[in-house]
Amino acid sequence: MSDKLLSLERLSIGCVAPPGGSVANKTGAWRTMIPVFKQEACIGCRACELVCPEGCVFGNPKEKKFTFDPDYCKGCGMCAAECPEDDIDMVREEK
Amino acid sequence: MAEQEILEGAMAVAHAVARCRPEVIAAYPITPQTHISEELSQIVADGELDAEFVKVESEFGAASVVLGASAAGTRTYTATSSQGLLLMNEVLWNIAGMRLPVVLACANRSISAPLSIWCDHQDAEAIRDCGVLQFYAEDNQEACDMHVIAFRVAEDRRVLLPAMVNLDGFLLTHVFEPTILPDQELCDKFLGTYEAVLKLDAANPATFGAFTEPDKCMEGRWMVHDACLRSVGVIEEASAEFEKVFGRASGGLIEEYQSQDAETILIAKGSLCGTIKDVVDDLRDEGKKVGLVRIKTYRPWPAEAVLGAVSRARQIAVIERGASFGAGGVMTPEVKETLYDAGRLIPVHGYCVQLGGREVPPDGIREIVDRVSGGEKQKAYEYFRLRTEILPDLVPGA
């Protein structure tokens with residue numbers, strides 16, 4: 001029913017949205033600060049991954065390697081604020 | 001021909017609504033609306049209507065339930081009043097924006113503070129701009145019939161907007177009048193079943209009320225305006241069809257009462273128009289060219305119809321049961337705008353005659369007519385017969 005009537009490009013009556021809108025909407029464009037995962041003192045605690053409101057931090061705790069998806073990172077800085085080892089910096093992103 | 005029964009307004013409305021076969025009803029009691037939802041819950045409990053009656057914790061809950069149920073593709077109904085309508089406010093904007101044809105009733109009642117349970121129109125006017133169509137009944141027959149028309153208009157694919165039937169608290173809700181309940185078979189024929197264009201469906205997931213960026217949001221809001229404007233023609237069409245099917249006229253945009261050749265025209269809405277018509281009759285007997293234009297559809301604002309109805313007027317008095325504090329009325333500026341846009345610069349005076357159930361006797365209406373047609377300059381807008389003798393020092397300690 002909805003498939004034919006809904007698209008991400010055009011509005012529908014009532015602005016009903018098809019699935020996939022959150023993926024298509026790359027919120028990384030909102031960002032002014034970008035995290036830098038220094039990976040010097042990571043203990044693999046996963047705090048950065050767990051506090052990310054966008055769910056866009058991911059990595060491997062055993063290997064103590066973490067990174068983020070810049071398409072969706074809004075630059076909120078929660079990962080950097082919560083990192084117990086101060087291993088993430090927030091820097092102004094120049095475009 | 002269906003028979004007249006002596007029914008209380010709220011109960012008559014409940015039975016008229018039941019005959020429109022809503023599938024989900026959610027409501028929270030509030031004076032003077034309570035009898036509508038109480039009677040509907042009884043009708044459902046008695047098995048006379050196959051509907052889900054959802055008992056909720058508040059009017060915010062009631063509006064949210066009908067929003068969800070409507071989004072799931074069902075015909076829905078709720079009723080409220082005063083503070084209850086204000087508590088629904090946020091949800092009503094969503095219902096309109098999501099283009100869900102929820103029908104609701106507002107038993108018009110004053111807003112706190114000071115607390116009053118009696119009638120005025122400030123509750124409905126407070127949600128004027130949200131995209132809910134608004135109809136105002138003069139009597140209980142019309143309150144019933146307007147519900148049937150409201151479902152038809154709301155669900156019309158050219159409209160797809162919520163619609164609210166206003167009936168004056170106590171003055172209509174609690175008054176017993178001879179009323180013809182809309183015939184069940186005719187209601188079925190007139191309304192058919194509601195088929196949603198888009199609905200919540202687990203097999204075809206979609207999001208109602210999703211986020212839009214600034215590049216799309218304005219168009220989403222404009223579509224509500226566009227549908228409101230388009231509803232003007234649909235309301236006229238549905239009302240004409242109602243008359244054909246049910247054999248009695250109801251609904252429509254405005255009523256013109258002795259206004260064709262009137263020099264002084266009163267504009268008002270709701271049950272007060274009954275009193276105004278009596279005064280107009282008396283004044284006509286005295287040879288005075290006075291008429292009434294009754295606003296039956298308030299949203300969309302029936303600008304063209306109003307303009308046509310006052311084409312020969314020399315002066316207009318807008319009699320309001322509402323107020324916009326710090327501005328010159330609610331409906332008064334709308335009448336002025338309509339005339340100004342058409343280049344008709346005749347005097348328009350606004351009178352806030354009743355807040356919180358203040359009586360407006362016939363001599364009050366007569367005084368307004370005498371004043372606006374008497375040649376002496378009147379205020380653009382005033383609170384009529386304000387009891388200044390009971391006021392305190394307005395600036396304490398000054």
Side-chain angles (χ1 to χ4, degrees), chain A residues 1-36 48-58 67-82 88 90-95, chain B residues 66-73 76 91-102 130-132 154-162 194-228 230-231:
Chain A
M1 175 264 325
S2 356
D3 291 351
K4 288 174 202 156
L5 293 165
L6 299 178
S7 83
L8 290 170
E9 288 72 39
R10 291 178 70 88
L11 294 170
S12 68
I13 297 294
C15 300
V16 178
S22 301
V23 174
N25 183 19
K26 295 193 173 165
T27 48
W30 301 11
R31 190 172 57 225
T32 54
M33 302 290 278
I34 189 166
V36 175
C48 53
E49 182 186 350
L50 295 171
V51 299
C52 177
E54 291 297 309
C56 69
V57 175
F58 50 91
T67 186
F68 67 100
D69 187 339
D71 279 351
Y72 302 103
C73 171
K74 291 171 178 167
C76 72
M78 280 173 69
C79 53
E82 293 301 321
I88 304 170
M90 294 301 294
V91 299
R92 184 168 297 281
E93 188 174 28
E94 309 283 349
K95 283 176 185 164
Chain B
V66 292
L67 182 156
S70 185
T76 60
V91 189
L92 292 173
W93 289 75
N94 273 291
I95 291 172
M98 293 182 204
R99 307 290 298 279
L100 301 172
V102 169
C130 75
V132 174
E155 292 172 5
D156 189 294
R157 292 203 169 176
R158 292 165 289 177
V159 180
L160 292 174
L161 285 173
Y194 171 52
E195 299 288 342
V197 183
L198 295 165
K199 61 179 177 183
L200 290 175
D201 174 5
N204 287 295
T207 305
F208 278 67
F211 178 82
T212 54
E213 292 276 7
D215 68 338
K216 294 195 187 75
C217 186
M218 184 161 155
E219 284 69 23
R221 304 305 289 152
W222 174 84
M223 285 195 286
V224 178
H225 174 62
D226 177 61
C228 268
R230 202 164 325 100
S231 74

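Small disclaimer: the values here were computed from a predicted structure and weren't measured. In what follows, every chain begins at residue 1, and chains take the letters A, B, ... in the order their sequences are listed. In what follows, every heavy atom counts, from backbone to side chain, and hydrogens, waters and symmetry copies are set aside.
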* Asked: Which residues pass the side chain to side chain contact (heavy atoms under 4.5 Å, CB included) test with A:Glu93, sequence neighbours left out?
  -> A:Arg31, A:Ile34, A:Lys95

* Asked: By side chain to side chain contact (heavy atoms under 4.5 Å, CB included), which residues pair with A:Thr67, not counting sequence neighbours?
  -> A:Phe58

* Asked: Could you name the residues of residues 91-100 of chain B that have a heavy atom within less than 4.5 Å of a heavy atom in chain A?
  -> B:Gly97, B:Met98, B:Arg99

* Would you say the side chain of A:Cys79 lies within less than 4.5 Å of the side chain of A:Cys52, judging by non-hydrogen atoms? -> no

* **Side-chain heavy-atom pair B:Val224, B:Leu161 within 4.5 angstrom cut-off** => yes

* To do: Test A:Asn25 against A:Tyr72 for side-chain contact (heavy atoms from CB on, under 4.5 Å), laying out the working first.
  => CA-CA 8 Å; A:Asn25 183 19; A:Tyr72 302 103; over 6 Å; no

* Asked: What pairs with B:Arg158 under side chain to side chain donor-acceptor pair (under 3.5 Å), at least two apart in sequence or on another chain?
  -> B:Asp156, B:Glu237

